[in-house]
Amino acid sequence: MTAKPKIAVYKMSSCAGCQLEILNLEHVLLDVINAVDLSYFVMARRDSEPGPYQIGLVEGAVTCGEEIEKLKQARKECETLVALGSCACYGGLPSIKNWTPQRVVESRVYENPAAIHSTTAYGIDYYVAVDAYLKGCPINKEELVEFIKSALLGAKPYLRPHSVCVECKLYENVCVAVSEDIPCMGPVTTAGCGALCPANHKACDGCRGPADDTNAKSLAQTFKEHGLNPGDIKRKFHKFAGMTPEFDKGADIL
Ligand code: SF4
Ligand code: SF4
Ligand code: SF4
């Protein structure tokens with residue numbers, strides 16, 4: 001019998017919600033465990049098997065020197081390295097701190113900021129080469145399963161390049177932007193969540209980061225014309241993926 005591919009799950013600065021989604025696979029979790037060996041997964045197992053691993057799933061933004069070293073080690077021991085969730089893809093929610101001076105942020109959170117040695121929050125590809133990006137805050141479970149299946153079959157995974165609006169139309173959702181003038185990030189955000197928020201009558205918040213070939217600047221201009229103030233527009237684009245050049249353009253509205 002051939003050995004099962006070994007998977008490692010690493011955690012950087014994150015809320016652990018994306019790792020939790022692996023355990024939330026419920027109906028297919030046993031199939032996944034039968035197909036792969038979750039060799040290093042601190043949240044799920046007491047012991048760990050040493051590398052090398054076929055796939056490394058890295059959750060979280062990199063926000064300190066210790067994590068940079070841990071990440072470089074992960075890159076060395078994994079054949080395929082995947083950014084798991086928007087924190088790992090772009091900096092995600094931890095990157096909100098990047099727009100305020102470091103010392104100010106630290107003293108808001110810690111009683112003794114002198115003991116803190118954090119850095120600007122970046123996605124993992126700022127430091128190492130990344131083979132695939134599973135976007136979302138948290139990731140979409142089905143997309144993760146699709147990715148694992150493709151990896152097992154040696155096929156290219158289908159990661160959607162288009163925007164949430166496309167999915168929204170496919171599911172025949174009512175557009176909250178058109179029908180109720182609610183500012184929605186869907187036109188510039190990567191699909192793959194099944195247009196989850198608009199399907200529940202909420203605007204997309206941009207958690208999956210920029211889709212391919214989008215025009216964030218134009219959407220920001222539309223938000224402005226519809227009465228959103230520049231501070232709110234900036235916060236919208238900075239919330240999950242402000243470190244990407246595209247969303248930074250949207251945030252640059254005056
Ligand atoms: S992407 Fe969201 S859910 Fe995943 S670790 Fe980051 S904050 Fe948590
Ligand atoms: S609700 Fe948002 S995502 Fe859906 S079609 Fe309208 S703008 Fe696009
Ligand atoms: S609709 Fe937007 S905010 Fe909601 S889950 Fe999808 S990408 Fe994230």
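Heavy-atom basis, side chains included; hydrogens, waters and symmetry copies ignored. Counting convention: from 1, in listed order, for ligands and their atoms alike.
Within the structure, the closest approach of G136 to ligand 1 falls below 4.0 Å when heavy atoms are considered.
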Start with the C-alpha gap between R235 and D232, add the side-chain angles, then the distance that decides, and say whether side chain to side chain contact (heavy atoms under 4.5 Å, CB included) holds. CA-CA 5 Å; R235 277 186 284 278; D232 285 342; 2.9 Å; yes
Run the side chain to side chain contact (heavy atoms under 4.5 Å, CB included) test on F147 and V82 for me, step by step, so that the C-alpha distance in whole Å, both residues' side-chain angles and the decisive distance to 0.1 Å come before the verdict. CA-CA 10 Å; F147 179 84; V82 181; 3.5 Å; yes
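Those atoms of ligand 3 that come under 4.0 Å of a heavy atom in R208, given as number and element, are 7 (S). Atoms of ligand 1 lying under 4.0 Å from any heavy atom of P138, numbered from 1 in the order shown and given with element: 3 (S). Close approach of ligand 1 to C87 (heavy-atom distance below 4.0 Å) involves ligand atoms 1 (S), 6 (Fe), 7 (S). Residue S14 has at least one heavy-atom neighbour below 4.0 Å for each of these atoms of ligand 1: 5 (S). Close approach of ligand 1 to E59 is summarised as follows: ligand atoms under 4.0 Å from at least one heavy atom of the residue are 5 (S). Close contacts of ligand 1 with C18, meaning ligand atoms under 4.0 Å from a residue heavy atom, involve 1 (S), 3 (S), 4 (Fe). Taking every heavy atom of D205 and a limit of under 4.0 angstrom, the matching atoms of ligand 3 come to 2 (Fe), 3 (S). Of all the atoms in ligand 1, the ones that sit under 4.0 Å from a non-hydrogen atom of S86 are 1 (S).
Proximity of Q19 to ligand 1, defined as any heavy-atom pair under 4.0 Å, is not found for any part of the residue.
Salt bridge E67/K70: absent, no basic N to carboxylate O contact under 4.0 Å. Salt-bridge check for D212 with R160: failed, with every basic side-chain N at 4.0 Å or more from each acidic carboxylate O. Ion pairing of E49 with R45 is present here, as a side-chain N (NZ or NE/NH1/NH2) and a carboxylate O approach within less than 4.0 Å. Ion pairing between E146 and K149 fails under the 4.0 Å rule for side-chain N and carboxylate O. Classification of R208 and E143 as a salt-bridged pair holds, one side-chain N sitting under 4.0 Å from a carboxylate O.
Around atom CG of D181, more than 12 heavy atoms belonging to other residues, nucleotides or ligands sit under 6.0 Å away. Within a 6.0 Å radius of NZ in K76, other residues, nucleotides and ligands contribute 12 heavy atoms or fewer.
Note: F223 and F237 have tilted aromatic rings, judged against thresholds of 30 and 60 degrees for the angle between ring planes. Between Y122 and Y126, the ring-plane angle classifies as parallel under the 30° and 60° cut-offs.
Taking each heavy atom of T120 and Q102 in turn, the nearest pair found is N-OE1, 4.4 Å.
Atom 4 (Fe) of ligand 1 has no N, O or S atom of C15 inside 2.8 Å of it. C193 lies close to atom 6 (Fe) of ligand 3, since one of its N, O or S atoms is found at a distance under 2.8 Å. Distance check for C137 against atom 2 (Fe) of ligand 1: an N/O/S atom falls below 2.8 Å.
Residues of the protein with a heavy atom under 4.0 Å from ligand 2 are V164, C165, C168, K169, C175, V176, A177, C184, G186, P187, P198, listed by chain and number.
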